[in-house]
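Below is one structure, written out as structure tokens; comments come after it.
Each ligand, and each atom within it, is numbered from 1 in the order the structure gives. Since this is a predicted model, take the numbers as computed values, not measurements.
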Amino acid sequence: MTDKPTNKVLAGVDLPPSPAPSSPSSGRRRYALATELVYTETKDQHGASSIPIYQTATFKQTSATGGGEYDYTRSGNPTRSHLERHMAKIMNANRALAVGSGMGALDVITRLLSPGDEVITGDDLYGGTNRLLTYLKNKQNIIVRHVDTTDVATVIPHFTEKTTMVLLETPTNPLIKIVDIPSIAKAAHAANPKALVVVDNTMLSPLLANPLDMGADISYESGTKYLSGHHDIMAGIIAVNDSKLGDDLYFMINSTGCGLAPNDSFLLMRGVKTLGIRMEKQQANAQVIAEYLESHGFKVRYPGLKSHPQYDLHWSMARGAGAVLSFETGDPALSERIVEATRLWGISVSFGCVNSLISMPCQMSHASIDAKTRQERQMPEDIIRLCVGIEDVNDLIDDLQRALVQAGAVTLSIDGFEANTAAASAAATQ
Ligand SMILES: *Cc1c(COP(=O)(O)O)cnc(C)c1O
């Protein structure tokens with residue numbers, strides 16, 4: 001985090017109403033986000049400083065008519081409630097809900113739609129999001145319009161009183177384009193006050209951005225990524241301010257049974273406490289690597305670089321640049337050789353892990369988008385995505401440099417490394 005969180009962050013948020021309140025606060029002062037991430041209040045019966053895993057499906061009731069705070073884990077579980085309260089606090093929300101994955105979160109959210117409803121969304125979406133929306137379009141009679149949400153002038157004319165939901169992701173991935181959440185939210189609500197503006201905040205995490213403060217009605221993220229940080233669980237978090245909306249989403253979770261399991265709730269709770277230091281280190285590394293690649297002539301997409309065409313827009317919304325960047329080599333075969341020649345950079349989809357990862361989105365995470373659509377959306381087939389971890393940055397650069405040389409992407413000279421001109425100029429003209 002480069003900037004100190006403002007007082008607005010975490011200020012004046014009511015504690016989340018939850019199916020079962022567990023840690024009400026008495027209007028205590030709010031600390032900076034880095035502090036709030038590790039600070040928890042529990043009223044555990046034994047004073048456990050880490051909320052236990054309530055590995056139980058049922059809870060004994062006090063009378064024949066119920067009466068217990070919890071009755072059945074599909075409906076509520078103390079470990080999950082504790083996590084939900086903590087996440088609501090961190091996401092600056094009135095209520096947060098924890099489910100089994102990021103896609104599970106979007107499934108719950110899109111269940112608010114009815115046949116004939118219209119969704120306006122981006123054209124550089126997470127592959128799984130694209131797949132679910134295509135299913136809804138083909139089978140559930142939902143109208144889905146993919147437009148360039150990174151250009152306010154393009155997207156606004158699409159909003160009408162029929163717009164039911166606007167689904168945004170910023171920065172987009174792998175093209176790292178920025179979406180102007182406040183302007184789009186305002187225009188969508190002006191066209192239809194009931195339109196739900198939904199933001200997938202996975203790429204930035206609550207450490208760097210709070211979509212609910214920018215006019216979004218729902219903010220959700222994959223807990224599999226930065227929130228947990230170790231690629232050892234799947235989780236999804238949904239956050240809202242409107243309590244009716246929160247109740248509707250909770251209804252879906254209770255009805256379908258996709259609430260996060262107690263064990264995974266515990267692990268996500270543990271993971272999120274280190275979000276601050278992980279993300280700080282990851283984005284500091286990402287910045288150095290982005291500058292390294294750019295200085296060697298590659299076309300690099302990263303909002304931490306002044307050369308990013310939407311640099312100012314990004315920084316008007318976010319407290320940091322994140323730790324995902326992409327670059328082009330001019331040749332898919334060359335990109336493949338680079339990816340396969342790295343050792344420290346694990347070839348893997350996903351991001352947000354403490355380990356650094358490398359991938360070719362068109363072959364991996366975005367392969368569920370067909371080649372024709374990828375071409376229409378100007379997704380370069382040679383694009384390499386780097387998801388930067390917490391390793392020593394010099395080791396990461398050494399490893400990348402060795403892979404670039406071995407793949408023939410850069411040529412060795414007395415002065416150092418120069419991008420292979422053919423590859424670099426091809427990348428520059430794209
Ligand atoms: C990973 C991811 C998702 C889906 O989350 P899962 O936990 O994998 O289901 C959604 N959106 C974005 C931007 C992601 O990176």
Should [X] and [Y] count as side-chain neighbours, where that means a heavy-atom distance under 4.5 Å?
{"X": "D180", "Y": "S316", "answer": "no"}
{"X": "M279", "Y": "S205", "answer": "yes"}
{"X": "L133", "Y": "L167", "answer": "yes"}

In ligand 1, which numbered atoms sit nearer than 4.0 Å to a non-hydrogen atom of [X]?
{"X": "T224", "result": "6 (P), 7 (O)"}
{"X": "T202", "result": "11 (N), 12 (C), 13 (C), 14 (C), 15 (O)"}
{"X": "M234", "result": "6 (P), 7 (O), 8 (O)"}
{"X": "K225", "result": "1 (C), 2 (C), 3 (C), 14 (C), 15 (O)"}
{"X": "F351", "result": "15 (O)"}

Checking a contact table here: which protein heavy atom is nearest [atom], and how many Å away?
{"atom": "atom 3 (C) of ligand 1", "answer": "Y126 CE2, 3.4 Å"}
{"atom": "atom 6 (P) of ligand 1", "answer": "G102 N, 3.3 Å"}
{"atom": "atom 13 (C) of ligand 1", "answer": "D200 OD2, 3.3 Å"}

Point to revise | Residues which pass ring-ring contact (aromatic ring centres under 6.0 Å, His included) with F351, listed by chain and number, not counting sequence neighbours | key: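 So F351 forms a ring-ring contact (aromatic ring centres under 6.0 Å, His included) with Y226.
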Point to revise | Trace of the salt bridge (Lys or Arg N to Asp or Glu O under 4.0 Å) decision for R145 with E118 | key: CA-CA 8 Å; R145 292 194 206 288; E118 188 178 278; 3.1 Å; yes
**Study point:** Whether N173 lies under 4.0 Å from ligand 1, heavy atom
**Key:**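 It does not, in that no heavy atom of N173 comes within the 4.0 Å cut-off of ligand 1.
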**Study point:** Sub-4.0 Å heavy-atom approach of A235 to ligand 1
**Key:**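 Right, A235 reaches ligand 1.
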Considering distance alone, does some N or O of [X] sit under 3.5 Å from an N or O of ligand 1?
{"X": "M103", "result": "yes"}
{"X": "T129", "result": "no"}
{"X": "E169", "result": "no"}

Review point. Angle class for the F327/F298 ring planes (parallel below 30°, perpendicular above 60°, tilted otherwise)?
Key: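 Rings of F327 and F298: perpendicular, over 60°.
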Exercise for review: Answer yes when E328 and R301 have at least one side-chain N-carboxylate O distance shorter than 4.0 Å, and no when they do not.
Suggested key: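 So E328 pairs with R301 through a salt bridge.
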Review point. With a distance cut-off below 6.0 Å to the six-membered ring centre and an angular limit of 45° from the axis, does K225 pair with Y126 as a cation-pi contact?
Key: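 Satisfied, under 6.0 Å and within 45°.
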**Study point:** Residues S75 and Y70: side-chain donor-acceptor under 3.5 angstrom
**Key:**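 Result is no, nothing qualifies.
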